[in-house]
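Working notes, beginning with the structure itself.
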Number of protein chains: 2
Amino acid sequence: MEEINFDKYKNIKRTFGRDIINLNPIQRGGELPLQSKQAIYEYWDGYSVCDYCGGRLDKVETPPIHEYLIDISKFLGMDVTRPTHGARESKFIVMNALCNKGDYVVLDGNAHYTSFVAIERAKLNSAVVPHNGYPTYEVNAEKYSEIIDNLEDEKKPIGLILLTHVEGNYGNLQNAEKVGKIAKKKGYPFLLNCAYTVGRMPVNGKKLNADFLAISGHKSMAAASPCGLLSINNEYGDKILRTSKTHVVKEIEMLGCTSRGVPIVSLMASFPYIAERVKKWNEELKKTQFVVNELESIGFKQLGVKPKQHDLTKFESPILDEIAQKNKRKGYFFYEELKKRGIGGIKRGTTKEVKLSVYGLSWEQVNYVVNSIKEIVKECIGR
Amino acid sequence: MEEINFDKYKNIKRTFGRDIINLNPIQRGGELPLQSKQAIYEYWDGYSVCDYCGGRLDKVETPPIHEYLIDISKFLGMDVTRPTHGARESKFIVMNALCNKGDYVVLDGNAHYTSFVAIERAKLNSAVVPHNGYPTYEVNAEKYSEIIDNLEDEKKPIGLILLTHVEGNYGNLQNAEKVGKIAKKKGYPFLLNCAYTVGRMPVNGKKLNADFLAISGHKSMAAASPCGLLSINNEYGDKILRTSKTHVVKEIEMLGCTSRGVPIVSLMASFPYIAERVKKWNEELKKTQFVVNELESIGFKQLGVKPKQHDLTKFESPILDEIAQKNKRKGYFFYEELKKRGIGGIKRGTTKEVKLSVYGLSWEQVNYVVNSIKEIVKECIGR
């Protein structure tokens, strides 16, 4: 063991400061409230959630996992819910349980990479419903019908319809209700990937005609990573939650138990906080729309559908690119100038496009971010 | 939302006290050292390990995940390692990547239930190498040859040979080297389930002829749950770590990234501690063997192979059962009497058999446990 230098593991620190305003959209919904941190302190030892386990994680009463799964199902307008390691794992569970090898999954062109990778892992095929390209990148729900019809005409088996409720590229909110209606009419199960929605904004699965919600705890439910949920309609409960032939209480797709530790505890502890914050979604949209207006006034251009219906926002930023051409720090000037002002989470070195979110920041912070960007542009232009 | 009572999520406490001596074998190897708790404090916000991610968890440099995976491979005598959500998830990854539908997995009769459930989830068949039954429950390595020959004679395809290094029923240490040699000779990949060994005792995968090690962070590596590792020999690297056709940097079986949060951070922070503690394995065995001798002197009978080569120990305890017949608390007296003395982790209500571990306890604590059990028997017998 002489060859291993253990020093680097002895004092692991997060170098991204606690005091920095973080604009990274994948992190804005994952900051823990105090009560969630306190719960982690209780349950960080390995397998401590199993203190009083009778054989299955979802039935554990202390901590209240069993009750949580009932309550969160109500909260989501769904019938039954299981913890998972995250939205990607939720999607794979559904694909592996429902589909036969070679089946087609019909999904939107904006789908997260993990939807495609889950399809490959489950040995399935994908049929993509294209978006309409620059600048709105919208997916027309009607196109789902077209793609489904084509596959049926070609006698290709369809296993699942998947839609990304809000996708991570442009933050477009899709018309889930309509896609769900199409899926129902055609008789296919419908999975809605809510990684960017559940926990940020109100979502009712039944109203959106969803058979499954794939949910991310760390992305949007103020939980420690990795964890998520899979929420299911009763119609598909038997298939997804089928139990082992040899170990009859164990659910096969969960490999017995999934999120057996700290992340599920933080997810539960954050639930009251989440239930409150989704009520303030309109205020969050106002913040986002304010940022769009302000930054467009200095030459940014918001991509995706307008007006914004989600906090994840992507801009074209030709003005930054123009500065980068002449600045001796090239494309890094923007990142560095933001950092000086205590703002982070913007991709380092890129200036053609900027992706950000101000979700959960106070109006004071939102103003500070906007004014800082304006100031940077003003100071650096022409220099 | 009126129908949900959020109070129960507002102050989640672990009721199993911090001051209790915990004899539960699945928890003894999962208690965190201080430095690991400190690291969790740094990284509990969702997706915070992704601050400086270039697209893949295993390549992240801050925190030092990339270096850790290189170092832990050295530590384990293996070529390449990936984080997973736990040993069960590691096993499923190997099965799903290597085997074809309907293939047989040859595995020991003492295998953990998750091995069987992973086989079902991957749509495979199992062929069990039986143990020799009461009282040692030993699996003879030679029997693997027999089962493999039978399957080959019947033209049944074999996808994987799996052995549970130490199993969770009797704590028998299996002859991995020999089973690995048989697998190699026959030309099949060999997976060793090290959930109860790596992190407690020294393990060198190459020396044990293993192609894969399935490892549990929360069970035996002093890490927060859920997390684990999959350690791989180069020969199988390409198959297990193949990347997506559409998203070329993403590893399919990892769904891109696996343990993207708090658990992997605690696993890394506990590494120096783990590397030290496995050196003291002989002392741990002495403690276990001492407990066996002492409890056998009052009428317990150790099941499994003798002398003990692992801390997980199962006893027949007819003396406790005898007491339970007459005690007004029935089988609960033992649990309650232990609890009074600040000892926990023994299954409540059962007295025919007792499973326990004193791994990592001080000699003072070990003596206290033994003396407490002796005292309980002495006090309760004949009452």
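Just so you know, these numbers come straight off a predicted model, no measurement behind them. Proteins come first, then strands; the chains are lettered A, B, ... in the order of their sequence lines, and each starts at number 1. Side chains included, hydrogens not; waters and symmetry mates left out as well; all remaining heavy atoms used.
For the options A/Asp51, A/Thr246, A/Val117, A/Thr15, heavy-atom pairs under 4.5 Å to chain B are most numerous at A/Asp51. In terms of heavy-atom pairs under 4.5 Å with chain A, the best-connected choice from B/Met268, B/Lys123, B/Lys37, B/Met221 is B/Lys37. Counting heavy-atom pairs under 4.5 Å between each of A/Thr258, A/Val262, A/Thr114 and chain B puts A/Val262 at the top. When each of B/Glu67, B/Lys219, B/Lys10, B/Gln35 is checked for heavy-atom pairs under 4.5 Å with chain A, B/Glu67 comes out on top. Counting heavy-atom pairs under 4.5 Å between each of B/Met254, B/Gln38, B/Glu89 and chain A puts B/Glu89 at the top. The residue among B/Lys91, B/Lys13, B/His85 with the most heavy atom pairs within less than 4.5 Å of chain A is B/His85. Of the listed residues (A/Gly345, A/Pro64, A/Ser48, A/Pro33), the greatest number of heavy-atom pairs within a distance under 4.5 Å of chain B belongs to A/Ser48. Listed options A/Thr243, A/Thr62, A/Ile26, A/Val265 were ranked by heavy-atom pairs under 4.5 angstrom with chain B; first place goes to A/Ile26. Contact count against chain A (heavy-atom pairs under 4.5 Å) is highest for B/Pro263 among B/Pro263, B/Ala118, B/Ser126. Comparing B/His218, B/Arg121, B/Glu253 by how many heavy-atom pairs each has under 4.5 Å with chain A, the most go to B/Arg121.
The main-chain N or O of B/Gly86 is found under 3.5 Å from a side-chain atom of B/Ser90 such that the two form a donor-acceptor pair. No donor-acceptor distance shorter than 3.5 angstrom exists from the side chain of B/Ser259 to the backbone of B/Pro83, with no hydrogens or angles considered. A distance-only check finds no donor-acceptor pair linking the side chain of B/Ser115 to the backbone of B/Ala111 [under 3.5 Å].
Partners of B/Glu251 according to the salt bridge (Lys or Arg N to Asp or Glu O under 4.0 Å) rule, which considers only residues two or more places apart in sequence or in another chain, are B/Arg56, B/Arg82.
Interface residue B/Cys50: backbone and side-chain heavy atoms are both found under 4.5 Å from chain A. Contacts of A/Ile40 with chain B are made by side-chain atoms alone, with heavy-atom separations under 4.5 Å and no backbone atom involved. Proximity to chain B involves both the backbone and the side chain of A/Tyr68, based on heavy atoms less than 4.5 angstrom apart. For A/Pro63, the part sitting under 4.5 Å from any heavy atom of chain B is the side chain, from C-beta outward, and nothing else. Within the 4.5 angstrom heavy-atom criterion, no atom of A/Asn24 approaches chain B. Contacts of B/Ala39 with chain A are made by both backbone and side-chain atoms, with heavy-atom separations under 4.5 Å. Looking at B/Ile65, neither its backbone nor its side chain comes within 4.5 Å of chain A, counting heavy atoms on both sides. Contacts of A/Leu57 with chain B are absent, with no heavy-atom separation under 4.5 Å from either backbone or side chain.
At a heavy-atom separation below 4.5 angstrom, chain B is approached by A/Asn96, A/Cys99 within residues 96-103 of chain A.
A ring-centre distance under 6.0 Å is not found for B/Tyr41 and A/Tyr41.
The cationic group of B/Arg348 lies under 6.0 Å from the six-membered ring centre of B/Tyr335 and within 45° of the ring axis, placing it in a cation-pi geometry. Cation-pi check for A/Lys250 over B/Tyr113 is met; the charged atom lies under 6.0 angstrom from the ring centroid and within 45 degrees of its normal. Relative to the ring axis of B/Tyr47, B/Arg260 does not place its NZ or CZ within 45° and under 6.0 Å from the centre. Both tests hold for B/Arg200 against B/Tyr359: distance to the six-membered ring centre under 6.0 Å, angle to the ring axis within 45°.
Once rounded to the nearest 0.5 Å, the distance linking NZ of A/Lys239 with CD1 of A/Ile252 reads 13.0 Å.
Looking only at side-chain heavy atoms (C-beta outward), B/Val60 and B/His66 stay at 4.5 Å or farther from each other.
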**Message:** Please determine whether side-chain contact (heavy atoms from CB on, under 4.5 Å) holds for the pair A/Thr84 and A/Ile93, giving the CA-CA distance in whole Å, both sets of side-chain angles, and the decisive distance to 0.1 Å.
**Reply:** CA-CA 9 Å; A/Thr84 68; A/Ile93 286 170; 3.9 Å; yes
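For A/Ile12 against B/Ala269, the heavy-atom pair with the smallest separation is CD1-N, 3.9 Å.
The 12-atom threshold is exceeded at NZ of B/Lys8, counting heavy atoms of other residues, nucleotides or ligands nearer than 6.0 Å.
Judged by distance alone, the side chains of A/Asp71 and B/Tyr9 do bring a donor and an acceptor atom under 3.5 Å apart.
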